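Take a look at the structure set out below.
Chain letters run A, B, ... following the sequence lines, proteins first, then strands; residues in each count from 1. As the structure is a computational prediction, the values presented were derived from the model and not from experiment.
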Amino acid sequence: MSGADATLAAVAREETGRLVTALYRRFGDFDVAEEAVQGALLEAVTQWRRDGPPRNPAAWLTTAAQRNALDLLRGRGRRRQVTERLAATTEEAVPAADEAVGVDADDRLPLLFACAHPALAPEVRLALTLRAVMGLTTPQIARAFLVNESTLAQRIVRAKRKIVATGIDLRVPDDVDGRLPDVLAVVYLTYNEAYVASAGGSEDRDLGADAVWLAGVVARSLPRKAEAWGLSALLAVQHARAAARFTARGELVLLRDQDRSLWDRRAIDQAGKDLQRAAALRSPGPYQLQAAIAMCHAEAPSWSQTDWRQIATLYGLLTDIDPSPVVRLNASIALAQLGPGQAERALAEVEALGAHLAGYHLLHATRAELLRLLGRPAEAAAADRQALALTSNDAERRLLQTRLRRHPLTDGS
Amino acid sequence: MKYVLMFTSDPSQAADVTQEQAQDVYGRIYGWFGEHAAVISDSGAELQPVETATTVRTGGVVVDGPFNEAKEVIGGFSVIEVPDMDAALAVARTWPGLELPGVAVEVRPMVVDYSQFE
């Protein structure tokens, strides 16, 4: 990442949400506010790469965004009255963030609730959040998700139009508990996308780190919400292991084979503290349980010295709350580690899930592992080949191909 | 902002509703209009059953039945005026009919700004 790109990534993350909110509060039009900031970010990419980053990047972005907002409003003829009123406003109308904007960290929260609004289609909430809250550009989002840029742009335009037309305001709803799961889901998906895409994803933005940061913003803004801390802990502990997930050549390394000295111990300790904070609020939930499971792995000295009994117990609790096939699949992996007798049970459970997850490559990869554990290599190889046929992720494909090479089979073995 | 609440139901599921249940909900719908009088800018109308619908199509062709073949039919509508979408959704959520199977309330903002036609 070049110096200009690194500066922009940091400033974009810190300032975008604040600027969109400030411009919305000033001009009363979400579409204009968001478009103005996105335009400023795109200008910054070109100009900062050419001339180097400005002395005060936040102020530069603020000025550019405000100018864009005024241009957009002038360009929209039917907003004549607004434009006339604005004609007199000076360029200083929205101060830079490092001066007194009157917008603090918590002011990103209303924006986040609007972007994750249930009136928007679930698949567009994530893209809109990445743009309006995190300051990713549409090309960056398209690259990260491997989707067509113009299709993505259209989807975002439609979502913004709906926000404006239906009168979705930027505010923290009265029913925070009812709506928080939607916000947390968007943050979780941000990390999930980064996790899956990390082999080939966007190089000018570390989406995984961005998701961890956003989870922290939400938790600090809503300090009494246990699941917000739980999600913050979960993403932080997952991200703390990021350096060990790939070899220098980009090969995927499974948890059992990871070099645990590469894990970020300080981040793991911090995640542990966040999780304790969540637990003290006595309102358990799926993110806290997932974080607790991830902490068990993070604190184990090795795969074989992992507290599998604790993990299997936590999965039991998680399955009670969320009996979805993917959770049960993961639970069965933990179960299999408890002893040879349990591996049989785990395999039976995985087979039973086959009807729901037949098209999910990790079902077949898990079956392969369990079959190998039970000394049935021919069936294991067949399952790995099924998994291979079902994933298009390069890193996962290479891992499966390596596994198939390492366990060569002759016919009838 | 002004929103139209469209009260829809699925007649095929109406058979599961007992007479007492329907009467109970109907009674509370009356109360609902009282409770929300402050935000109801037009109480709108309740429509006769969908069997009474007649549709005029392109070219003036008159046909029997509603305008589309969806399972859900519109049974009535009201106009409310509230500050934003969240407030509109909060009002829609309290519609007593939502206790019955197949009932839904569609929330649509009303066009109120005609300045582009000036």
Give, as side chain, backbone, both or neither, the part of A:D174 having an atom under 4.5 angstrom from any heavy atom of chain B.
neither
Between CD1 on residue A:I163 and CG on residue B:D84, distance to nearest 0.5 Å
12.0 Å
Between A:A119 and B:M85, what is the shortest heavy-atom contact and its length?
CB-CE, 4.1 Å
Taking OH in B:Y26 as the centre, count heavy atoms belonging to other residues, nucleotides or ligands within less than 6.0 Å. Is the count above 12?
no
Least distance between heavy atoms, B:M1 atom then A:T166 atom
CE-C, 3.9 Å
Spatial distance of atom NE2 (A:H117) from atom CG (B:L89) [nearest 0.5 Å]:
5.5 Å
Counting heavy atoms not belonging to B:R108, are there more than 12 under 6.0 Å from its CZ?
no
